[in-house]
Structures are given as structure tokens and as C-alpha cells.
2 protein chains.
Amino acid sequence: MRAGDIPELQKLKLFADMTPAHFQDLIRAAYVQTFPPHVDLISEGDHGDFLHIVVSGSVELYSVWNHHETSMATVRPVSSFILAATIKNGPYLMSARTLEKSRIVLLPSIDVREIFDRDSGFARAVVRELANCYRSAVKDTKNLKLRSSLERLANYLIRSHMRSNEALVFELTIKKRRLASFLDMTPENLSRAIKSLRSYGVQIDGTRVTITDMNALLKLAKPSPLIDDYST
Amino acid sequence: MRAGDIPELQKLKLFADMTPAHFQDLIRAAYVQTFPPHVDLISEGDHGDFLHIVVSGSVELYSVWNHHETSMATVRPVSSFILAATIKNGPYLMSARTLEKSRIVLLPSIDVREIFDRDSGFARAVVRELANCYRSAVKDTKNLKLRSSLERLANYLIRSHMRSNEALVFELTIKKRRLASFLDMTPENLSRAIKSLRSYGVQIDGTRVTITDMNALLKLAKPSPLIDDYST
DNA sequence: CGTCCTTTTGAACATTGTCAAACACTGTGG
DNA sequence: CCACAGTGTTTGACAATGTTCAAAAGGACG
């Protein structure tokens, strides 16, 4: 692969501060692949031989234990995933599958670790990225432990609202089934929670969300920059 | 502060790979302080001006939202905490308080960031540390989402058992109240869960845990290296 | 138009949380 | 050394929350 092949890669902050020569080295052995929807990319427990980057489409990170499955996150372009396993040269802690047709760049972990040792700009970018990942994960834990499922749903909607330029009408970007799992609820429980939100000025019809009383919703959700991520 | 003042610091993998000169620079402006039990060290939302290192005693990391508090982790010697906030120069996501009389080293964040930029050995160590923190946090989330409270307790006991050299009789190192919060249960619920574990060959009397049927406990807990940390 | 999948609804059930009270443990001061 | 206060833990009754199972309703797509 060459530097110009995937211009989207340049958008990644992870690669912004490295020397062009090292960037070349990094992507020389990389390759891009387009996957159909619902294809397993990696499986937890496997060894992390590649750093993955979603160039288009979207990828679900999920985990399984004792026949239960839970949705951990959705990765959207342009972002890398499982950086920690790559750097640590350890097993993946999460599985990943495509949600839709997706283009994925695969960077051999060994090259990532090698360039990481040689290029201090890249090393710093890796640190920033890992610090962000860690802080997101801490926020996830707080969200789960400190809030009820109704409060988690309310905050999820507020985050979605922020990401859609504060529109009061917007579309859910994931299926309700997966949203339920992401919020640690059953689909039935989510369905009922959605009904309960009507008394807080939220209408959800199919995938279309309409917020009619933001104050009531905020009063319930009590969003906090120390728990909720308004970036991404 | 001088390099020889706190020999315990040398034990930290975080400082193992840096040049002695940079280590000197890093700890020059640092200071050690001994705190009584139950003293607040940092408060979430505050700005991260110091990297903290527990030299002796122990520290609880906890979080608060909407008048609820939850215990996030216990930091034992010799470990740093809130490295991510230091590196990111961002607000703390968790509060910290001493659990007992504790000696804490305080390293000015600005120095940590400066040496981080100059010393690539240190930078790599920071990356390793953050990657570990992130992976621990992911495991926490999986533990919370995939397991029931009884299963979390069972796995907590198995981890404690491993840490006490696989002894079948050992002491709980934290008060049940905090353990409950850490496991995301109420004290009452924990108390009942402990009783339920009797049918899985676990007796808990005060702080003394006795495992009489490890097979039964393992069958319930189904521990996994992809969720449980047997290190620390 | 069916078929498959998701979502919704209802009812029974399980789990967990809340509140109040009893009990146990710890350390203090008399 | 004991009485006692203060804290932490346990227990019981009950309420709230969340899950399971079964079935119906709605959508997507060949």
C-alpha cells in the first residue's frame, strides 16, 4: 500500500505527528479490504496481529461470556480499534464484526510496534489515543454503575442529539436491539423505557427521535462531562 | 526530593526504562506526604496538576453522580494513579481518598509531560501503563455487563484467592460496604449473596473467607482471563 | 404475498433496592 | 474493666426494577 492510496488515513490524529518516512514504513505492508455486512473480523482471545482502521462503514465491538453477548461500542470512520492489544502484543479483549459493508485497513501489529519505538511523534499520538480510550472506558463504567437504565437511555439520546448538531429531530443510528445491549438492557426493557420517556418529552417512532421538552429530558438525564462523551 | 529518598519508586515499571538523569529531573520538584485515613486527595472534575503514587497505605478511587457514590478501584503500593488525566492535562474522572494512613508521592503533571516528551523509554512505559489501565477498564465493563452480582462476587473471591497464593482460607482486604459498592451491589444484597455462596462451598465469617469446594465455586464463577485480572 | 426478523405487549417471575430494626464489632472514656 | 456510642453488618418485609417467555404486531425484502 502507498501513502496516497487511502487519503482518509491522513485524517487520523494517530498518524498526524509522525514523519512521512515512518508513515510510509508503517503502511508499506498494510492492506485494505472490503467486507460485507455481518462479517466477523476478530474474535476475543485471538492474538492481535493487526491494528484495524475503519475507513468506511461501521464495526461493532462486542464481548461474550457464558453464552451471553453484550455490545461494547460502535466504531465509525475514521478510527482505529484494538490499539491496546496491538501495542501490548496481547490477546483481544473484544470481538469485532462489520455492521454494514465496510472498508478496513489492516496494519501489521509488528510494524506498529516497531515504528512506535522509532517515531516519538507517533508514540505520543498513541499515548493520547490510549488515554482517550481509557477515559472513555472509565466513563462507561460510571455510566453503568451510577445510573439506572432509563437514565442511561436518556443520556444516550442527549448525546445523539448533540452529535446531530443539536437537532431536536434525528435518527437512531443503530438498531434498537443493539442499543439495548449497548445500554445493558433487554430489548423488552428498552421498548418500555422508550414509552416511559414520553412523559419526559421524548417521542420515538421507529428510528426517528423527537425531543419536545428538552428541559424535562435534561432534568431526568443530568448529563455530565465526567461521564458523557460529546465528542465522537 | 532526591532519587534515593523513596527507594520504592524504583520498583515502579513506569520509571524503570528512563535515563537516570531524566528520573532526577522528574522527581526534583516532587514531594512526599503522609496522609491520615479517610482524607480526600483529589476530587473528580478538578484539574490534574499532580501524578500521584501510593508508596504505602492504600487509596480508594470512587465516583459520584446525582448523590450516588460508587467505588471504582483500590490502589495499593507501589502504583501510580490518574496517569491519563496527567498526560491529557484534563480533569480527573475519579475522586481519591486514603483508606488508611498512606504515603503519597506527588509529581507535578507538567514535569511528567515534559519528561514524557524527552525520554522515549519513559514514553513507552507510559504507553504500557495506559494500555494496561484501558484493558482493565474494558474488563470491568465486561464484568458488569455479562455477569450477575452473585457471579461477580464469586469471581472476586477467586481473584482474592489467587492473590493470596491460592490459599483456601484468606482475609477480605476491604470492608464489605466498599466491596458491595465495588461489585455494584447494595450492602444488603452482598450480605445475601454471601449467604447464597454457602451452597457453592464458600464460608465467610467476618473478614475470613474459607473455600471448601473450589470446584463448585469455579463452576459458578467461570473465571476468564479475558475478564478477570489475576495480576495485581 | 409470504417469510424472516425486529419490535412491542402482556403476564409471571427473578433479582435487586429500600427502609426499618436488630445485631455485632470497635474503640473511648469513665 | 465495663458501659456506651458509633459504625458496620445482617435480617425481614416490601417496593421497584429488570428478565423471561409467549404471542402479536410491524417492517424489510425477495
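Labels below follow one simple rule: chain letters A, B, ... track the order of the sequence lines, proteins then strands, and each chain is numbered from 1. Hydrogens, waters and symmetry mates play no part in the numbers below; they use all other heavy atoms, side chains included. Worth saying up front: this structure is predicted, and the values here are computed from it rather than measured.
In the set dT9(D), dT8(C), dT18(C), dT9(D) carries the atom at the smallest distance from any side-chain atom of Arg177(B). Which of dT8(C), dT9(D), dA13(D) sits closest to the side chain of Lys176(A) comes down to dT8(C). Listed candidates were dT16(C), dT19(D), dT10(D). Nearest to the side chain of Glu188(B) is dT10(D). Distance from the side chain of Pro187(B) is smallest to dT10(D) among dT10(D), dT16(C), dT19(D).
Projected onto DNA chain D by closest heavy-atom contact, His68(A) and Asp205(A) fall at different nucleotides, the more 5' of which corresponds to His68(A).
The CZ-P distance, from Arg152(A) to dT17(D), rounds to 13 Å in whole Å. Nucleotide dT16(C) holds its P atom 11 Å from the CG atom of Leu153(B), rounded to whole Å. For the pair Leu183(A) CG and dT7(C) P, the interatomic distance rounds to 13 Å; values are reported in whole Å. We find that CD of Glu69(B) is positioned 16 Å from P of dG17(C), with the value rounded to whole Å. In this structure, Asn189(A) atom CG and dT15(C) atom C1' are separated by 13 Å, rounded to whole Å. For Lys195(B) and dT15(C), the NZ to P distance is 16 Å, given to the nearest whole Å. Leu172(A) places its CG atom 16 Å from the P atom of dT6(C), with the value rounded to the nearest Å. One can place CG of Leu190(B) at 12 Å from C1' of dG8(D), the figure rounded to the nearest angstrom.
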Output, in order, the C-alpha distance, side-chain angles, deciding distance and verdict of salt bridge (Lys or Arg N to Asp or Glu O under 4.0 Å) for Arg178(B) and Glu60(B). CA-CA 9 Å; Arg178(B) 283 194 54 244; Glu60(B) 174 181 22; 3.0 Å; yes
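Taking only side-chain nitrogens and oxygens, Ser191(B) never comes nearer than 4.0 Å to OP1 or OP2 of dT9(D). Phosphate contact (OP1/OP2 of dC5(C), side-chain N/O of Lys175(A), threshold under 4.0 Å): absent. Residue Thr186(B) has no polar side-chain atom (N or O) positioned under 4.0 Å from OP1 or OP2 of dT16(C).
Between the side chain of Thr212(B) and the backbone N or O of Gly201(B) there is at least one donor-acceptor pair closer than 3.5 Å. Not a single donor-acceptor pair under 3.5 Å links the side chain of Asp46(A) to the backbone N or O of Ile42(A).
A cation-pi contact, defined as under 6.0 Å to the ring centre and within 45° of the axis, links Arg97(B) to Tyr62(B).
The base of dG8(D) does not come close enough to the side chain of Arg178(B) for any donor and acceptor atom to sit less than 3.5 Å apart.
Using a 30° and 60° split on the angle between ring planes, Tyr31(A) and Phe50(A) fall in the perpendicular class, above 60°.
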